[in-house]
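Scroll down for the structure; my scribbles are underneath it.
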Amino acid sequence: PSIFGKKVLVSENYSHSFNNRVYIKNADQKSRARPLELFAGLPGDYRYVGWHNQEMFFYTHQKAPRGRVIAVKLDKRYSKILSVREFIAEGDNNITSVYLLKSCILVMALVEHGRRQVFLKYDYNGKQIGEIACPVDGIIGSISLGYAGDQIYFYASAKDCPSTIYCHNLSSGKTTVYAHSSFKPSLKIKTSVVMVKSKDNTQVPMHLSHREDLKPGKRTPCLMSVYG
């Protein structure tokens, strides 16, 4: 359960399933009202993202394998659902996480069929207003931010680059190095992305990393990284 303001939000997971039920209740001790189920009859996974302008935001895969964001508006007693709207519809990008800030919403996503990982910026009308690219050809790790802050911190790493912490200024749009490892690889590593077909014929990205001075071939040692 999560307690914020005068509300208690409870997420109840099914056994051996990613699906969950979400309930909300007035936290007032005098209130005897039963918890309100937000998505009754709509089985799926619902991850609470945050609260903005009288709306609760959730990230879900319900009827959206690549992910989408929905907004729920309740009455003042949290006993009745006034509206449910699709805020960010499912698209070509694979949404992996969502963060609410005072100035915008950040959506971490895999784009170009999983070839790149980026932050997509949306305003509170659901319009995309920008993109924060990963500084290296790799993956973005944990992110640190504050709701009202103007800066975000995240780390990114690649096969040929040690983990580095970056600072991004939302106002200027500039990304700078905040801290980095002193480790330097003795060999130059080259990483490329190829698309491979899974058992169900879905195209998934695979990263191939090998010494830069070696030509790819049947006998070239390499590190293969794929998920799908």
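Quick note: numbers below take in every heavy atom, side chains included, and nothing from hydrogens, waters or symmetry partners. Predicted, not measured: the structure shown is a model, and the values here were computed from it.
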Worked verdict on Q117 versus M108 for side-chain contact (heavy atoms from CB on, under 4.5 Å): CA-CA 7 Å; Q117 189 176 24; M108 188 186 292; 3.3 Å; yes
Least distance between heavy atoms, [X] atom then [Y] atom:
X: I105; Y: V98; answer: CG2-CG1, 3.8 Å
X: H168; Y: T175; answer: ND1-OG1, 2.7 Å
X: F18; Y: N13; answer: O-ND2, 4.0 Å
X: L36; Y: K80; answer: CD2-N, 3.7 Å
X: Y124; Y: S103; answer: CE1-C, 4.3 Å
X: A109; Y: N93; answer: CB-CB, 4.2 Å

Cluster question for you: counting only ILVMFWY and a side-chain heavy-atom cut-off of under 4.5 Å, with indirect links fine, are [X] and [Y] together?
X: V196; Y: M224; result: yes
X: L214; Y: M206; result: no
X: I140; Y: V177; result: yes
X: I129; Y: F119; result: no

Who are the side-chain hydrogen bond (donor to acceptor under 3.5 Å, both in side chains) partners of [X], not counting sequence neighbours?
X: D213; value: R211
X: H61; value: D45, Y59
X: N20; value: S11
X: R85; value: E55

Residue pair L208, V194: steps toward the side-chain contact (heavy atoms from CB on, under 4.5 Å) verdict: CA-CA 8 Å; L208 298 176; V194 297; 4.0 Å; yes
Remaining members of the apolar cluster that contains I165, side-chain heavy atoms under 4.5 Å: Y153, Y155, Y178
Donor + acceptor pair across side chains of H210, T220 (<3.5 Å): no
Gap between atom CG of D92 and atom CG of L110 - 0.5 Å precision: 13.0 Å
Distance, nearest 0.5 Å, that separates CG of L100 from CG of L106: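 Result: 9.0 Å between the selected atoms.
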Contact list for residues 123-136, test salt bridge (charged side-chain N to carboxylate O under 4.0 Å, His left out), sequence neighbours left out: R116-E131
With [X], which residues qualify under side chain to side chain contact (heavy atoms under 4.5 Å, CB included), at least two apart?
X: S172; value: N169, K174
X: N19; value: Y14, S17, P43
X: T176; value: C167
X: E37; value: R21, Y23, A40

side-chain contact (heavy atoms from CB on, under 4.5 Å) between I132 and I152, worked out: CA-CA 11 Å; I132 305 172; I152 64 171; 4.0 Å; yes
Criterion side-chain contact (heavy atoms from CB on, under 4.5 Å) on L101 and L170, from CA distance to verdict: CA-CA 10 Å; L101 300 172; L170 294 169; 3.5 Å; yes
Of all pairs that satisfy ring pair (Phe, Tyr, Trp, His ring centres under 6.0 Å), the ones with a partner from residues 71-104, not counting sequence neighbours: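 Output for this query lists F57-F87.
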